Amino acid sequence: MNTILEALWNGNIKPYFDYDAGNDEIKELKSYLNRHGQDLEQLLDKEQKLVFDKLLVCGEEYIYLSKVLAFEEGFVLAVKLMVAALHDR
């Protein structure tokens, strides 16, 4: 039987990917982003679409890195809280 730490270590848990799974507000925003992106793409010529695609790729990478950083900072904070709680015993 695996512990949650083993599952996290082995990559079976990816909290920085699934953080929005149950959040209706984020799902709604994603829907708006997709719809407006598709509407905009229909108005662009070929050269503008290339620039727009590059913008989307950069935005996706930025969001991914932000998720990872937020997870790392949250994990560090949790460890600090745990150490403080154990130290005060």
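Model, not experiment: these values are computed from the prediction.
- When hydrophobic clusters are built by joining Ile, Leu, Val, Met, Phe, Trp and Tyr residues whose side-chain heavy atoms come closer than 4.5 Å, directly or via intermediates, Phe75 is grouped together with Val83.
- Listed by first and then second residue, the side chain to side chain donor-acceptor pair (under 3.5 Å) pairs that reach into residues 31-51 are Glu28-Tyr32, sequence neighbours excluded.
- Between the side chain of Glu6 and the backbone N or O of Thr3 there is at least one donor-acceptor pair closer than 3.5 Å.
- No continuous path of ILVMFWY side-chain contacts below 4.5 Å connects Leu50 to Leu56, so the two sit in separate hydrophobic clusters.
- To the nearest 0.5 Å, atoms NZ (Lys30) and CG (Leu33) are separated by 9.5 Å.
- Rounding to the nearest 0.5 Å gives a distance of 10.0 Å between CG of Leu43 and CZ of Phe52.
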